[in-house]
Amino acid sequence: MVEKTLGEIAAAVGGRLIGDPELRVRGVAGIREAQPGDITFLANARYERYLSETRASAVLCTDGMVAARVALLVVENPYLAFQRVVQLLRPDSYRPPPGVHPTAVVSPSATLGQGASVGPWVVIEDAAVVGDRAILMAGCYVGHQSRIGADTVLYPHVVVREECELGARCIVHPGAVIGADGFGFALDAGRYQKVPQVGNVVVGDDVEIGANTTIDRATTDSTRIGDGTKIDNLVQIGHNVVIGRHCIIVAQVGISGSTELEDYVTLGGQVGLVGHIRIGARAQVAAQSGVSKSVPPGEIVTGYPAMPHRIFRRLHAMFQKLPELFQKIRVLEDRLGRLEREREREAIR
Amino acid sequence: MVEKTLGEIAAAVGGRLIGDPELRVRGVAGIREAQPGDITFLANARYERYLSETRASAVLCTDGMVAARVALLVVENPYLAFQRVVQLLRPDSYRPPPGVHPTAVVSPSATLGQGASVGPWVVIEDAAVVGDRAILMAGCYVGHQSRIGADTVLYPHVVVREECELGARCIVHPGAVIGADGFGFALDAGRYQKVPQVGNVVVGDDVEIGANTTIDRATTDSTRIGDGTKIDNLVQIGHNVVIGRHCIIVAQVGISGSTELEDYVTLGGQVGLVGHIRIGARAQVAAQSGVSKSVPPGEIVTGYPAMPHRIFRRLHAMFQKLPELFQKIRVLEDRLGRLEREREREAIR
Amino acid sequence: MVEKTLGEIAAAVGGRLIGDPELRVRGVAGIREAQPGDITFLANARYERYLSETRASAVLCTDGMVAARVALLVVENPYLAFQRVVQLLRPDSYRPPPGVHPTAVVSPSATLGQGASVGPWVVIEDAAVVGDRAILMAGCYVGHQSRIGADTVLYPHVVVREECELGARCIVHPGAVIGADGFGFALDAGRYQKVPQVGNVVVGDDVEIGANTTIDRATTDSTRIGDGTKIDNLVQIGHNVVIGRHCIIVAQVGISGSTELEDYVTLGGQVGLVGHIRIGARAQVAAQSGVSKSVPPGEIVTGYPAMPHRIFRRLHAMFQKLPELFQKIRVLEDRLGRLEREREREAIR
């Protein structure tokens with residue numbers, strides 16, 4: 001167990017401390033669950049009320065927040081500061097040792113970098129290359145001629161098929177499948193013929209890929225994931241998709257073949273994109289939206305089919321007023337009918 | 001092959017028999033596929049017409065149903081009674097034997113309960129605990145210090161990462177991943193920094209977790225699944241989610257971080273919940289709905305964004321009448337135009 | 001590396017060549033990425049502009065397309081022709097050798113066909129049957145009494161539970177789970193009791209099943225997938241679903257229990273179908289739609305709940321005109337109010 005004083009932590013994360021610099025903390029916890037001795041964080045204003053209730057010894061927070069009993073460490077980005085504090089207090093204790101487990105099946109033509117860790121039941125096929133200090137945990141499969149970058153971690157049961165490339169410092173969670181065949185068939189006399197998928201997947205540096213996510217190999221050429229992009233669990237990325245740098249792709253998103261994302265795109269959970277479109281830089285797609293055409297840079301879109309968010313909100317508000325609209329029309333019909341009947345009576349007179 | 005008389009079955013499930021108590025059955029089947037010698041059930045009124053066509057020897061059904069040729073066993077809940085009949089007629093014949101397969105890699109510091117079954121290629125890391133009679137089938141991975149409760153079954157290729165806990169009598173289907181990192185990043189100078197996810201997952205007793213479902217570990221503290229909750233395939237449960245007892249979560253649901261479900265909540269297939277909301281006890285969310293704010297106990301919600309079901313139905317009916325609405329307005333415009341023109345003519349006169 | 005002349009390729013795929021029959025090609029690539037020496041294809045008119053820019057030596061295309069510098073091979077279905085060309089130029093070089101890897105655990109009562117390939121860490125349980133030339137890659141699990149057809153390929157980490165059947169020439173991608181329990185519970189005194197799922201899954205010939213897709217076993221009887229059907233990644237198919245022949249099921253679709261698809265049905269990505277409905281032959285469901293009732297043969301449906309596509313388009317266009325509608329009503333109210341006030345003034349006079 002590592003213990004640090006608040007003074008040491010303030011020095012490490014660069015914040016302004018309101019409280020005793022000699023106070024010692026050793027644990028990290030959520031603001032509601034924290035106990036004395038823990039440090040926590042407040043990144044979401046929704047939880048500010050917990051500041052007066054928390055039992056934590058210290059809270060990482062932004063400027064302007066006030067608390068009576070608890071030490072505050074005021075920082076610009078509490079979530080980011082918390083990341084650093086966790087690294088101080090909880091050094092990774094489960095890092096597998098370097099070396100090749102005796103049960104791993106490693107081709108003699110494969111190349112393993114210095115300090116790489118290859119766990120039990122791992123299979124590394126011919127001519128594959130594993131970078132320095134890379135970690136392949138139990139049951140991972142690395143196909144022929146694939147390359148795993150330095151310091152990249154594959155959690156248990158990751159499958160990387162042949163000729164695919166992962167950059168440095170990537171993290172791939174359990175059950176992810178990289179390089180399965182794209183979904184391509186040509187109808188011929190009433191039967192679907194498989195179109196061989198002979199491209200590959202190329203993943204940049206610092207990419208994270210979630211559990212049971214699938215990234216298909218290209219028909220020809222490469223499906224590409226740019227540096228720094230983070231992909232959540234159960235995401236489907238089709239063949240020949242090209243994703244830029246520093247994108248955020250939340251769980252259960254589906255991206256159809258040949259669609260492109262520029263840099264810093266954010267896709268909410270369960271979003272679907274049709275194929276062959278382009279999502280501009282820094283565009284955001286709200287959760288569950290279905291995007292059927294290209295989105296310009298910086299746009300925020302929502303809905304099915306997706307449209308600019310401000311239009312969606314306006315239309316949706318009107319949708320909720322449909323009963324009122326029907327009522328207004330009934331009133332108009334009544335009033336108009338009354339006028340017409342009066343005129344008829346006058347005409348008869 | 002086990003054979004039972006209808007009398008024995010009626011005694012076991014507690015129903016009222018209309019038919020010969022000496023008739024013997026030995027198989028279970030659907031009402032359309034059943035053959036003589038089979039017992040079937042009728043739980044869905046939609047299939048009542050098959051009662052006159054089935055070739056089954058006996059049908060478990062509710063009171064008031066009538067059939068000419070087939071024996072009826074009248075019970076309150078035919079699906080539940082069928083469950084008991086299946087247990088009578090089809091004792092589990094594929095239960096792996098107790099003991100550790102010679103190919104399993106079990107840490108010397110792990111603890112295995114009495115009668116536990118550890119299959120081929122299983123990996124059990126340091127200080128992990130496996131309960132009595134638990135079954136870990138081929139290729140399962142149990143991380144450091146994780147705990148698997150008594151009588152819990154992990155089907156092949158389940159991954160339980162470090163420090164996670166599963167209760168007793170759970171069933172986890174192939175490829176499920178429990179305890180992968182939550183999806184947490186802090187933007188820092190244009191790059192997403194990973195926030196370490198140092199919490200865990202705590203699963204109660206009698207929980208079922210579907211194939212390739214993913215349940216993420218908490219940032220700090222625990223992602224929690226309550227006793228008796230049943231989770232279908234390909235479901236995503238984010239970090240710090242708290243799910244109550246006896247919930248039903250159908251396939252492909254996605255639950256974002258820190259959202260809470262009280263007891264007996266039902267989520268239909270492909271539902272998405274945003275983070276940091278609360279779904280009240282016994283609330284139901286219709287399939288594919290997108291829930292963006294908390295739902296009170298007992299409410300039934302539908303749509304995107306989700307709203308009370310009765311409102312959704314009303315609005316949707318009006319949506320379908322939009323052409324009629326446009327038509328009504330055209331008629332109003334015509335009638336009003338006519339009145340206005342008449343007045344103009346009168347004014348000129 | 002295989003090299004062919006355009007004349008040889010034209011002879012093999014049956015097209016009309018516009019260009020030099022002696023020109024040699026050896027690579028396949030997308031139209032934008034192709035280099036001299038490559039052959040590419042143009043199947044989507046959206047990319048026709050690339051015909052004048054491509055660096056490829058030859059392009060498979062349809063009649064009527066014109067290019068200045070590149071040889072054209074005019075065919076009826078360029079994507080299908082491309083499939084054949086890939087087979088000519090890129091014979092499958094990673095085919096695992098026949099035989100059983102020494103680390104595989106194969107029950108003595110299992111039957112392996114001639115030329116079958118069983119990779120490392122594969123488990124084949126009692127009485128299972130693996131067909132001639134079938135390939136089971138690393139870590140696959142085949143349960144008791146299951147049958148894998150001739151020439152079928154299971155990529156790494158596929159799980160086929162007990163008593164399931166796969167036909168000939170199927171391709172199953174990594175992490176797919178066939179035969180996990182259907183999701184069936186009966187509520188009894190406040191607790192969900194598991195209904196044993198004692199049916200199986202029967203998959204026809206020439207079926208493709210995507211990575212991490214899950215196909216549940218039937219409660220009783222069989223969940224069925226017809227010959228020639230192609231299923232993408234992360235699809236969920238519930239218990240007792242029956243899918244016809246030559247269907248296309250795109251990624252992340254969910255099909256609830258007992259629903260039936262006739263032949264040649266196409267389901268777009270992320271579509272959800274409720275249980276107990278029937279989708280008629282050649283019907284198409286647009287991506288993300290939610291289908292709550294049966295669809296007649298040949299119908300194209302869209303939306304949530306799904307409706308005929310032409311109606312959806314019309315309603316959606318009207319939905320986008322809601323602001324105009326509200327404006328029209330305000331105008332009508334004003335005009336009518338003016339008429340009414342005039343009449344009032346006249347009445348007073």
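Just so you know, these numbers use all the heavy atoms, side chains as well, and skip hydrogens, waters and symmetry mates. Sequence lines set the chain letters: A, B, ... in the order given, protein chains first and strands last, and positions in each chain run from 1.
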Point to revise | Heavy-atom side-chain proximity of B:Leu339 to A:Leu336 below 4.5 angstrom | key: yes

**Study point:** Contact class of B:Gln236 relative to chain A, heavy atoms under 4.5 angstrom
**Key:** both

Point to revise | Heavy-atom donor-acceptor pair, A:Gln288 side chain to B:Ser289 backbone, under 3.5 Å | key: yes

Exercise for review: Identify whether the distance between the nearest side-chain nitrogen and carboxylate oxygen of A:Asp206 and B:Arg191 falls below 4.0 Å.
Suggested key: yes

**Study point:** side-chain contact (heavy atoms from CB on, under 4.5 Å) assessment of B:Arg161 paired with A:His173
**Key:** CA-CA 10 Å; B:Arg161 269 186 49 192; A:His173 291 286; 3.9 Å; yes

Practice item. Check whether any side-chain heavy atom of B:Pro305 lies under 4.5 Å from a side-chain heavy atom of A:His316, and answer yes or no. Key: yes

Check your understanding: Under 4.5 Å between any side-chain heavy atoms of A:Pro174 and B:Tyr141, yes or no?
Key -> no

Check your understanding: Out of curiosity, A:Ile249 CD1 to B:Phe183 CZ, how far, rounded to the nearest 0.5 Å?
Key -> 8.0 Å

Review point. Do A:Thr229 and B:Tyr192 have side-chain heavy atoms sitting under 4.5 Å apart?
Key: no

Revision key, fill the gap. OG1 (B:Thr220) and CD1 (A:Ile31) are apart, to the nearest 0.5 Å, by 10.5 Å

Review point. How about A:Arg90 and B:Pro196: do any of their side-chain heavy atoms sit closer than 4.5 Å?
Key: no

**Study point:** Polar side-chain atom of A:Asn212 near backbone of B:Gly175 as donor-acceptor pair, under 3.5 Å
**Key:** yes

Practice item. Flag yes if more than 12 heavy atoms outside A:Arg313 fall under 6.0 Å of its CZ atom; otherwise flag no. Key: no

Review point. Any side-chain heavy atom of A:Pro323 sitting closer than 4.5 Å to one from B:Leu315?
Key: yes

Review point. Which answer fits B:Thr219, side chain, backbone, both or neither, if we ask what part of it has an atom under 4.5 Å from a heavy atom of chain A?
Key: side chain

Exercise for review: Take atom CZ of B:Arg147 as the centre, draw a 6.0 Å sphere, and report whether it contains more than 12 heavy atoms from other residues, nucleotides or ligands.
Suggested key: no

Check your understanding: Tell me, do B:Leu234 and A:Gln252 make a side-chain contact under 4.5 Å, heavy atoms counted?
Key -> no

**Study point:** Sub-4.5 Å side-chain heavy-atom contact between B:Tyr304 and A:Thr302
**Key:** yes

Check your understanding: Charged N to carboxylate O under 4.0 angstrom, A:Arg32 versus B:Glu260?
Key -> yes

Exercise for review: Please work out which of the three classes, parallel, tilted or perpendicular, describes the rings of B:Trp121 and A:Trp121, given edges at 30° and 60°.
Suggested key: perpendicular

Practice item. Could you give me the CA-CA distance, side-chain angles and deciding distance for A:His246 and B:Leu187, then say whether side-chain contact (heavy atoms from CB on, under 4.5 Å) is met? Key: CA-CA 10 Å; A:His246 310 298; B:Leu187 195 58; over 6 Å; no

Practice item. Below 4.5 Å from any heavy atom of chain A, which atoms of B:Leu322 appear? Answer side chain, backbone, both or neither. Key: side chain

Review point. Between the side chains of A:Asn233 and B:Asp216, is a donor N or O closer than 3.5 angstrom to an acceptor N or O?
Key: yes

Point to revise | A:Glu208 CD to B:Phe185 CZ distance, which is reported to the nearest 0.5 Å | key: 3.5 Å

Study note, to complete from the structure: When the 4.5 angstrom heavy-atom criterion is applied to A:Ala211 and chain B, the contacting part is both

**Study point:** B:Val331 portion near chain A, given a 4.5 angstrom heavy-atom threshold
**Key:** neither

**Study point:** From CA spacing to verdict: side-chain contact (heavy atoms from CB on, under 4.5 Å), B:Arg343, A:Arg343
**Key:** CA-CA 10 Å; B:Arg343 286 198 61 88; A:Arg343 286 196 60 87; 4.1 Å; yes

Practice item. Take the angle between the ring planes of A:Tyr47 and B:His276 and call it parallel below 30°, perpendicular above 60°, tilted in between. Key: tilted

**Study point:** Contact origin within B:Val159 toward chain A - heavy atom pairs under 4.5 Å
**Key:** side chain

Check your understanding: Going by atom types only, do B:Gln145 and A:Tyr94 share a side-chain donor-acceptor pair under 3.5 Å?
Key -> yes

Check your understanding: For B:Val122, is it the side chain, the backbone, both or neither that has a heavy atom under 4.5 Å from a heavy atom of chain A?
Key -> backbone

Exercise for review: Please work out which of the three classes, parallel, tilted or perpendicular, describes the rings of B:Phe319 and A:Phe319, given edges at 30° and 60°.
Suggested key: perpendicular

